[in-house]
There are 2 protein chains.
Amino acid sequence: MESIPKPAVPAVISPTSHHQGGDFAAPARARPSERPHVDATVTLKDVAARAGVSVGTASRVLSGHSATSPAARERVRAAATELGYRVNARAQALRSARSHAVGLLVSDVRNPFFADIAHGAEQTALASSYVTLLANANEDTAQQDTYLEVFLTQRVDGIIIAPQGEGRGNLRTLEQARVPLVFVDRTVDGFDVPSVTADNAQGVELAVAHLAEQGHTRIGYIGGPPSVSTGRARLSAFLEAIARHRLDDDPALITAGDFRRASGGTAAAKLLAHHRPPTALLAADSLMAVGALTEVRQRGLRIGEDLALVAFDDIEWFGELDPPLTVVAHDARALGATAMRLLLDVIDGGTAESVVLPMRLIPRRSSAARPHTAASRPSA
Amino acid sequence: MESIPKPAVPAVISPTSHHQGGDFAAPARARPSERPHVDATVTLKDVAARAGVSVGTASRVLSGHSATSPAARERVRAAATELGYRVNARAQALRSARSHAVGLLVSDVRNPFFADIAHGAEQTALASSYVTLLANANEDTAQQDTYLEVFLTQRVDGIIIAPQGEGRGNLRTLEQARVPLVFVDRTVDGFDVPSVTADNAQGVELAVAHLAEQGHTRIGYIGGPPSVSTGRARLSAFLEAIARHRLDDDPALITAGDFRRASGGTAAAKLLAHHRPPTALLAADSLMAVGALTEVRQRGLRIGEDLALVAFDDIEWFGELDPPLTVVAHDARALGATAMRLLLDVIDGGTAESVVLPMRLIPRRSSAARPHTAASRPSA
DNA sequence: ATCCCCGCTGGAATCGATTCCATGGAATCG
DNA sequence: CGATTCCATGGAATCGATTCCAGCGGGGAT
């Protein structure tokens, strides 16, 4: 983690942790009947009354934004601790237009890639005492819009989204409403929004170069949906890489899925049914790679021997598969963390620059297959 | 930074809200460029003004809780639509003590099991237009407390938690603050809180019976940490099952990890180093199972042939491993969805009953090993 | 000594929505 | 036809915190 200038967040009012043990240990002594326990409804007025100051002063002490006398400071702090005061974030948000909540919209946390992003984003938010609202769009534009609507009514301070579609729905609304926004992993054309993405062109080039090095000339491509920017970017990068390396540019070698597992299988089946099947497969996403893997196996072919397979996105367990999968990977956690850092920056009035993270090749056994091996073995 | 003394006008909003009112009489047709775009800062007062009623009436119409005349209803609705009014959830929450936000605290969304829970919970919440605040405790009690504190200041309507520890920290605070609470997957002793858990005893029995059927008598157990209820429950269930099936109750066959991958490897190493190593392993969690798998492989043993392995929690890709892993599974998604349903019930004043979901055995190749195979092959 | 400024404070307005209360008019009843 | 009830409504209080404003006392400058 880099060191970021810690934003001047008035840090949610102090640790109740110690007062619990100390002060509440013997509460009954003072006034047995008047509930000594932590009450969610302790308000600033109560604190002020106990400290013998006005609510204004109490607020100033606790937020630390304004000058206060040492005496007042001491007494207000003491009163707050004794009563177990916890600022009401809702009221605070209403008055000060800062809710300390940000929305995170991904297509599905069950996809390990997005789970990593979510984890990275969430941990970064916590460090600045922001909470993260989790939303799954389920690769569905309608649900994406529904959630954006919900975020809007919740008046979140900002939104991180792995967007989908052409940006016709609520994405426009967001822009017009001037809600701080950051794209992660994907982008949408025509939006002037800072983004954190992976260097897709570089990733594809790494994969293709790797396969070309092994002597492959016919690479089957299992791409993503054109409605998603990474789908488009990787496809065009693939076409370029193929040309650059002077490989076979047979259009029949290009297929597209929807970033879900099943579509990877379908695509693989289509590719392998060709009368001159590819000797290597490149999948634009981890889930489709798994689908392809299953399909290939069912056809009695052995990945890594009869056929090479390279996938995008490294998933923790890809190394445990049989055979371990070669991948072009990026650090999903960093993706999420960086996006959140950018967002917090924008929220604080800064102007964030888009970030492109590098990808790297992790060669494993699945790409060990050499083309002649496959050539010697007819399709199925 | 606030050095410039400026008027108390929130600079960002005003221009749009003003000219809008005027322009709307003849909206898109007259001035295509100044579309009636949705502005986040439209307030109920604006709607009321446009509809020619008081804010009270406007509120009554939109909330639908009180009687209103058809005429007023019509005009308020129209005004709201035209202005793109969106209720301010913060203000609503402050006044009505209902924030439509719930907290979800799991140990780590990167664990597919918890990702499933999160997905199930979140989708259920959305159906009732609640937002879900995501929190990762990272198997760390301190961070768990930090997050509960954050939830408390955010005044969430309720919390779902896969708890950890003995319940000494903020868990008690929650109880005292009467925040609606539901335990998921795990519980904590001494808390009268509705929970949704899996039938651990049944699951362990299924696994042990399955292995016993194959003739195994020495089963190595890789358990979870005693600080987590599932860790304790599964261990005691294991001991009972061993006794019931009259299997070897050698204490050296019992180990404990921390529900993380590395600890599974360590535990497996320890078990296999025994002079009479087990012929089967039972791991109390999926991540530890993967760790064990790796360790076993490195020792040159083949799962499913030299050694049987059964794991808890089915992960989507367990079937793709080599060999596919036999598991005792429960529906994590249902776990999360059910927990959320319970929570919403409690929030609405209901009294939720705890739910125990059944587990089922999914036999795959990893448990095909028969004891004599391993017996014929000395430890490593 | 007088004036000014500064630090600190209490009081009050404010954020946006909900909800209680009183009121005016229509509808109902004896 | 007068009295009671009911309905819809406007106005105002309220939720809990922030922040502006005015005022008070004291120290420094003139």
Side-chain angles (χ1 to χ4, degrees), chain A residues 9-10 12-13 39-49 51-76 79-80 83 85-100 152-155 157, chain B residues 1-14 17 39-49 51-76 80 83 85-100 152-155 157:
Chain A
V9 174
V12 191
I13 296 312
D39 191 336
T41 61
V42 175
T43 154
L44 190 58
K45 205 161 81 181
D46 301 335
V47 174
V53 299
S54 70
V55 283
T57 301
S59 172
R60 278 183 285 257
V61 167
L62 294 177
S63 66
H65 281 325
S66 199
T68 48
S69 70
R73 233 173 298 161
E74 183 125 352
R75 282 162 57 205
V76 170
L83 295 176
Y85 173 71
R86 199 172 282 118
V87 67
N88 184 328
R90 297 183 195 172
Q92 199 173 41
L94 175 59
R95 179 61 227 250
S96 58
R98 205 51 146 263
S99 66
H100 281 267
L152 246 13
T153 71
Q154 285 286 335
R155 300 292 197 274
D157 289 340
Chain B
M1 51 179 193
E2 301 285 350
S3 52
I4 306 171
K6 54 181 179 183
V9 177
V12 246
I13 55 141
S14 40
S17 34
D39 192 332
T41 61
V42 176
T43 154
L44 189 57
K45 203 161 81 181
D46 301 335
V47 174
V53 300
S54 71
V55 283
T57 301
S59 172
R60 280 183 282 259
V61 167
L62 295 177
S63 66
H65 283 324
S66 198
T68 48
S69 71
R73 232 173 299 161
E74 182 124 354
R75 283 162 58 205
V76 170
L83 296 177
Y85 173 71
R86 199 172 282 116
V87 67
N88 183 329
R90 298 181 193 175
Q92 199 173 39
L94 175 59
R95 180 61 228 248
S96 58
R98 208 43 150 264
S99 65
H100 280 270
L152 246 11
T153 70
Q154 285 285 335
R155 301 293 196 273
D157 288 341

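Just so it is clear: chains get the letters A, B, ... in the order the sequence lines come, proteins before strands, and each one is counted from 1.
- OP1 or OP2 of D:dG16 has not a single side-chain nitrogen or oxygen of A:Q92 nearer than 4.0 Å.
- Summarising the geometry of B:R86 relative to A:R155, their closest heavy-atom pair is O-NH2, 3.0 Å, with the distance given to 0.1 Å.
- For B:R95 against D:dG16, no side-chain N or O and base N or O form a donor-acceptor pair under 3.5 Å.
- Taking every side-chain heavy atom of A:S69 into account, C:dC8 is the closest of D:dA17, C:dC8, C:dA17.
- Here D:dT14 presents its P atom at 20 Å from CG of B:L44, a figure rounded to the nearest Å.
- Residues B:N88 and B:T43 fail the side-chain proximity criterion, which asks for heavy atoms closer than 4.5 Å.
- In this structure, of D:dA17, C:dG11, C:dA17, it is D:dA17 that holds the atom nearest to the side chain of A:N88.
- Taking the side chain as every heavy atom from C-beta outward, A:V87 and A:L62 never approach each other to under 4.5 Å.
- Across all strands shown, A:S59 has heavy atoms under 4.0 Å from base atoms, whether or not it also approaches the sugar-phosphate.
- A:R60 and A:T68 are not linked by any side-chain donor-acceptor pair at a separation below 3.5 angstrom, with hydrogens and angles left out of the test.
- In this structure, C:dC15 and D:dG16 make a Watson-Crick or G-U wobble pair, each of the two defining distances being under 3.5 angstrom.
- Rounded to whole Å, the distance from CZ on B:R98 to P on D:dT14 is 23 Å.
- Here C:dG7 presents its P atom at 14 Å from CZ of A:R60, a figure rounded to the nearest Å.
- Computed from coordinates, the A:D46 CG to D:dC15 P distance equals 11 Å when rounded to whole Å.
- One interatomic measurement links the two molecules: NZ of B:K45 to C1' of C:dT14, which rounds to 10 Å at whole-angstrom precision.
- The shortest heavy-atom contact between A:H100 and B:Q154 is O-NE2, 3.6 Å.
- Taking the nucleotide of DNA chain D with the nearest heavy atom to each of B:A91 and B:S66, the more 5' of the two is matched to B:S66.
- One can place CG of A:L62 at 8 Å from P of D:dT18, the figure rounded to the nearest angstrom.
- At the heavy-atom level, A:A72 lies under 4.0 Å from the strands shown only through sugar-phosphate atoms.
- Here B:S96 does not reach the OP1 or OP2 of C:dA17: none of its side-chain N or O atoms lies under 4.0 Å away.
- Side-chain nitrogen and oxygen atoms of A:S54 include none within less than 4.0 Å of the OP1 or OP2 phosphate oxygen of C:dT9.
- The side chain of A:T43 contributes an N or O atom lying less than 4.0 Å from OP1 or OP2 of D:dA17.
- Residue-to-nucleotide contacts include no donor-acceptor pair under 3.5 Å from the side chain of A:R155 to the base of C:dG16.
- No engagement by B:R90 is indicated, since no non-hydrogen atom pair under 4.0 Å with the nucleic acid exists.
- Atoms CG (A:L94) and C1' (C:dT18) sit 13 Å apart, rounded to a whole Å.
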